[in-house]
Trainee: 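Dumping the structure here so I can ask a few things about it.
Start at 1 with the first residue, then count along the sequence.
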Amino acid sequence: MRLQSSPLPSVLLFLLPLPPLLMLGLCSGTSFPSNINIGGLFPTGSHEYEVFRFALAQHQDIPKLVPQVDMVDTGSSFAMTYAFCSQFSKGVYAIMGLYDRRTVNMLMSFCGSLHVCFVTPSFPVHTNNQFVLQLRPELQEPLMALLEHFYWTRFVYMYSSDSGLSVLQRILDTAAERSWQVTSVNLDTLTEAAFIKLLADLDFKKDYQIIIDCELERLNSILNLIAAQRRNLKNYHYIVANMYTGALTYDGISVMATAFQNLRRQRIDISRRGNAGECLANPPAPWGQGIDIQRALQQFDERGHRTNYTLTVMELSHTGPRKIGYWNEKRGYVNTAIYKPVVEEFHGLQNRTYVVTTILEAPYMMLKKNHEQFVGNERYEGYCAELASEIAKHVGFSYRLELVGDGKYGAREAETKMWNGMVGELVYGKADVAVAPLTITLVREQVIDFTKPFMSLGISIMIKKPTKSKPGVFSFLDPLAYEIWMCIVFAYIGVSVVLFLVSRFSPYEWKGEDEDDEGETLPSSASRRALPTSSSELAHSPGYSQAQVQNQNQQKEKETPEHTNDFGIFNSLWFSLGAFMQQGCDISPRSLSGRIVGGVWWFFTLIIISSYTANLAAFLTVERMVSPIESSEDLAKQTEIAYGTLDGGSTKEFFRRSKIAVFEKMWSYMRSADPSVFVKNTNEGVIRVRKSKGKYAYLLESSMNEYIEQRKPCDTMKVGGNLDSKGYGVATPKGSPLRNPVNLAVLKLNEQGLLDKLKNRWWYDKGECGTGGGDSKDKTSALSLSNVAGVFYILIGGLGLAMLVALVEFCYKSRIESRRMKASPELIDAAMMSSSLGGIAGGGGGVVAGNLGGGGASGLGGENGRVVAHDFPKSGAQGLPCMSKAAGLGLSSTGM
C-alpha cells in the first residue's frame, strides 16, 4: 500500500505468498463428479467477491469449480443461517466467505455439525473446529519478532476489535515482562475528528512508532488521514500488521482447486448419502466425505489454522515496496535488507531542474528594480541569489528559484503540528533545496538536513538611534565622575586644614621678627647713648615733651623680638590651591611634618591631573549618544520599552525553549504582551522600531541588524553583544542526494573566501550610511565653543569676583582707618608739636619723627600676628637732615 504523500514513512507491510501444498493421497473410491460446487458468502459490494469470481475463472481444469454465491449481511445471524443452509442444500462441497464476530460462532457450529469446510480470509479466531479453515495466520509471533528486531520499547498499538484483541493481549503480556511502554487505541470507538486529535496528541508526546492492525477498509481511511495530517514524515515509523484479504481469497481458491484435483486423481468418493443434504436435521447428519476434503487440505492443522507458511516483510520506500526480510516458525525473523550508502552521481543532476525555495529578505534575496523586464532567476538579486548560483555552478545542476508561499522561514504550528514556511516545503516535497537565511536549529535538523553554515551570527537587539546628547556648559568636568570631584574638594579642604594644624604645632614653622630685619641697618650705639635712657631722664631733660617720652617707650617695645608663622588658614588654602593647579606658591613649609603634607598632596594632584588630562581630549572631541538599552538584562528589567521577535522564526523558538532566567523572563513578557510584540516579517519589525520613538526594540539576527544599520535613514543601531551563537545553512530534505555535493560546495566557497566577499559586497560596499555605519555611536569632531564654554564662564566669573572682593577690601580698609583716626586725635597733635621742636633740636627731631611714624603704625596688626609697620627713612645720629615745620607735618601725614 503506497501512501499519497511524499516523503513516505517507513511502513512495514506483511504480504502472503502462495505456499506449497502438500497433498496426501487417500483411498480410491468408485466415482468423482466433474463439477464441484463451491459456495460463497460475501457482503454486498465486497472486493473479495470479485476476487473469488476471478479466481474461479482462472481454474477451469477438471474438476471444474462452479460458484454458488449468496450476497448476505455477514453481521446478521439469521441471514447467515439461511444462506448457509441454502448453500448446503444445493450440494456444495466447500464454502468460502467472510464472517463477523457476531456470526462466527454460528458458522463454527454448523461446520462442526455438518462437516462442511468453511474457508475464510477473515481474522483468525481461537477455536478447535477443524472445519473452519482460516487462511490468515495469527500474527502474534511475527509481530513480537519484528518489535525485538527494531528495538521498539515505546510504541502505539492501534487495533480493531475483530482482529486485534488477541494480539493486544500478547503485546501487553510481553510489555509487562520487558518494561515496554505501550499505548493501545481501539479504532472502533474513534470518529474521524477524534482520530485527528489522537494524532496531534501522539505528536505532542513524541510517540512516533505506531502499529496499525485493522481491516483493509478501515486501514485505507486511516492511511489517508495520516497522509493528510502529514504524519508520514521521516521521524514516523509504522508497522501495518494486515494482509490483503483479496490475495488470501485467491490463495484459498487455488488451495481448494489443487485439493479437489488430487482427490479426483485418487478417485475418492465425495458424494452425499441419506439426509446429508438437510441442514437443520435433528439430530444433524454430518457429511461423511467432509472429513476427506478437510484432510486433503494439509496446510491447516486440526484446529483449522495455517501451518508451514512464511511471511514476507516489505518496506515501503521512495522507489516502492521492497523485501527486507521474512518470518517462519522454524527460523523466526530473518533480515535480508542490505542498505547501501547512497552513491552520489553528479552526472545525473544536469537532467533535472531542481526547485530552490527562498524568501524575500534584504540583502539575501531581493527583486530587482526592473524585475518585470526579466524572467526566471534573473528577476532576483542579493547574497543568497549569488550563493545559489555559485552552488549550482560548483555542483553542476539546473535550478529554479521560487518564493515560499506563506512567507515564513519554518516552524511547527502548535495546533496542527504541521511545518510551515520553507521547512514545510522541504518536508512535504514541494522543494528540493532552501537557500535563504535559514537558521540551523535542533528541531529543524530532525526533519531536514543542513549543510555547514555559510554565515555565523547571533541574536541581537535593534533600537532606534537616540539623539546625540548636546555638550553641557561644564562638559570639561565629564572626564571625572561627580563623586570624584566631590572627593577632590573635600581632600583640598582637609589638606589645607591639616597643613594649618601641623604648622601651628611644629616649632620649626615659627620664626622671630629680627630674622626678617637682618638686612636692615640698626641705629649706632653712639646715637643711642645720646638719647635719654629712662622716662625720668626724659622728663627732667630740657627739650623733651610728654609725647617724646611715650615714643621712647614704644620704641623699646618694638625692639622686643616677635615670633611669626606663614601658614595661617588662608595661606594654607592658597598653598594647596597653587599646588593643585601646578602653579606653585611664594611660601613653602619649613618643618618636616609640613613638608610631608605637601609631598603627599603633590603626589595626589599629580595622579588626578594626569588622569583628568588623559580623558579630557576624548570627552571633548567625541560626541556621545545616550542609549537607554545596552544589553538583554536592561530589556528584561524594564517594561517601558517593548520588545519582540519575528513570529514563526528561530529567534522566537530560541526564547521559547531557553532555560536561562533572563531569557525566560523576556519570553514571559513577549508572550503576554498586549498588543502583540511579534511581527510578521523583518521589514515590519524595522518600521515599528523607527516609528515607536524609542519605545520598541526588535530582536533579530545580528547580520540583518548590521545590514539595516547601513541603510537610510540611518536611524537604527545595534546595541549590546549577541545573545547566542548560531549559523545559516543551506537545507535539503532528509536523505536527498543533493546534501553532500551542496555541502562540499559551501565548504569550497568558504575556503576560497567568496562568502566573505559576498557579505562585504551586499553589506558594506552598497551601504548608504558611510564607512562604519554612518552616524556611528561615537564620532570624533573638532571642538566647538559649546564644549569649552564653561571655562570662559569660570574665567569671567573669577575676574568679576576679584573686582568685587577688591572693592569690599577697599571699603573695609577705609572704614577701619577712619575709625582709628577719630580715636587718636592726641597722637596727631603730639606729632605736630614734635615736628615743630624737631626744627629747633636738629638731629633729635629726626629720631622723634621716626619713632612717631613707627608708633603710629604699631596699632595695625598684620596677618598671623606679624606687626606691619610703615617704613620711614632711617639714618644715624649724625646723618639727620634739618627739617622745617612744614617738612615735619608732611612726614606725619605720610605716616598716617
Trainee: Can T357 and E425 be counted as having a side-chain donor-acceptor contact under 3.5 angstrom?
Mentor: yes

Trainee: Which distance, rounded to the nearest 0.5 Å, do you find between the CG of L457 and the OH of Y728?
Mentor: 4.5 Å

Trainee: Output yes when a side-chain donor or acceptor of E390 lies under 3.5 Å from a complementary backbone atom of K393, and no otherwise.
Mentor: no

Trainee: Sub-3.5 Å donor-acceptor pair from the side chain of S672 to the main-chain atoms of S668, do we have one?
Mentor: yes

Trainee: Using 4.0 Å as the upper bound for N to carboxylate O, is an ion pair formed by R154 and D207?
Mentor: yes

Trainee: Counting N and O atoms only, with roles assigned by atom type, does the side chain of R739 sit under 3.5 Å from a partner on the main chain of D449, one being a donor and the other an acceptor?
Mentor: no

Trainee: For the aromatic rings, using the six-membered ring if either is Trp, is the centroid distance between Y399 and Y354 under 6.0 Å?
Mentor: no

Trainee: Regarding R656 and E653, does a basic nitrogen lie under 4.0 Å from an acidic carboxylate oxygen?
Mentor: yes

Trainee: Please confirm whether the ring centroid of F663 lies under 6.0 Å from the ring centroid of F654.
Mentor: yes

Trainee: Describe, in one word, how the ring planes of F678 and W667 are oriented to each other, choosing from parallel (under 30°), tilted (30 to 60°) and perpendicular (over 60°).
Mentor: tilted

Trainee: Taking the six-membered ring of Y383, is the NZ or CZ of K759 close enough (under 6.0 Å from the centre) and on axis enough (within 45°)?
Mentor: no

Trainee: Answer yes if the ring centres of Y669 and Y643 are under 6.0 angstrom apart, and no otherwise.
Mentor: yes

Trainee: Hey, do the aromatic rings of W763 and Y364 have their centres closer than 6.0 Å?
Mentor: yes

Trainee: For N224 and N220, indicate whether the former's side chain and the latter's backbone hold a donor-acceptor pair under 3.5 Å.
Mentor: yes

Trainee: With a 4.0 Å cut-off, would you call E381 and K368 a salt bridge?
Mentor: no

Trainee: Could you tell me if the side chain of Y409 sits less than 4.5 Å from the side chain of L646, heavy atoms only?
Mentor: yes

Trainee: May I ask you to decide whether D201 forms a salt bridge with K197, counting only side-chain N to carboxylate O separations under 4.0 Å?
Mentor: yes

Trainee: Check whether any side-chain heavy atom of V185 sits under 4.5 Å from a side-chain heavy atom of L190, and report yes or no.
Mentor: yes

Trainee: Looking just at side-chain N and O atoms, do K718 and N722 make a donor-acceptor pair shorter than 3.5 Å?
Mentor: yes

Trainee: Can we say D647 and K408 salt-bridge, meaning some charged N sits less than 4.0 Å from an Asp/Glu carboxylate O?
Mentor: no

Trainee: For the residue pair W762 and Y707, is the inter-centroid distance of their aromatic rings smaller than 6.0 Å?
Mentor: no

Trainee: Between M158 and I211, is there a side-chain heavy-atom distance shorter than 4.5 Å?
Mentor: no

Trainee: Tell me, do I463 and M717 make a side-chain contact under 4.5 Å, heavy atoms counted?
Mentor: yes

Trainee: Would K465 and D715 pass as an ion pair if we require N to O under 4.0 Å?
Mentor: no

Trainee: Honestly, is K464 close enough over Y696, meaning NZ or CZ under 6.0 Å from the six-membered ring centre and within 45° of the axis?
Mentor: no

Trainee: Is there a donor-acceptor pair closer than 3.5 Å between any side-chain N or O of S692 and the backbone N or O of V689?
Mentor: yes

Trainee: Please determine if E709 and R711 form a salt bridge, counting it only when a charged side-chain N lies under 4.0 Å from a carboxylate O.
Mentor: no

Trainee: Taking atom types as modelled, is there a side-chain donor on T645 or T651 under 3.5 Å from an acceptor on the other?
Mentor: no

Trainee: Does this structure show an ion pair linking R688 with E684, if we count only N-O contacts that are shorter than 4.0 Å?
Mentor: no

Trainee: Could you tell me whether a side-chain N or O of H371 sits under 3.5 Å from a main-chain N or O of L367, the two making a donor and an acceptor?
Mentor: no

Trainee: Checking side chain to side chain contact (heavy atoms under 4.5 Å, CB included) between R412 and each of V447, V427, N420, which is the one that passes?
Mentor: V447

Trainee: Quick check against the 3.5 Å criterion: does S702 have a side-chain atom that pairs as donor or acceptor with the backbone of G458?
Mentor: yes

Trainee: Side chain of N743, backbone of K452: donor and acceptor closer than 3.5 Å?
Mentor: yes

Trainee: Just by distance, do the side chain of T358 and the backbone of V435 share a donor-acceptor pair under 3.5 Å?
Mentor: yes

Trainee: Is the ring pair F150/W152 parallel, tilted or perpendicular, if the boundaries are 30 and 60 degrees?
Mentor: tilted

Trainee: One pair to check against side-chain hydrogen bond (donor to acceptor under 3.5 Å, both in side chains): T682 and E361. What are the steps and the verdict?
Mentor: CA-CA 8 Å; T682 302; E361 193 76 77; 3.3 Å; yes

Trainee: Quick check: does any side chain N or O of N705 sit under 3.5 Å from a backbone N or O of E701, one acting as donor and the other as acceptor?
Mentor: no

Trainee: Is it true that D634 and K637 make a salt bridge, defined as a side-chain N closer than 4.0 Å to a carboxylate O?
Mentor: yes

Trainee: Is there side-chain contact between R657 and T441, with at least one heavy-atom pair below 4.5 Å?
Mentor: no

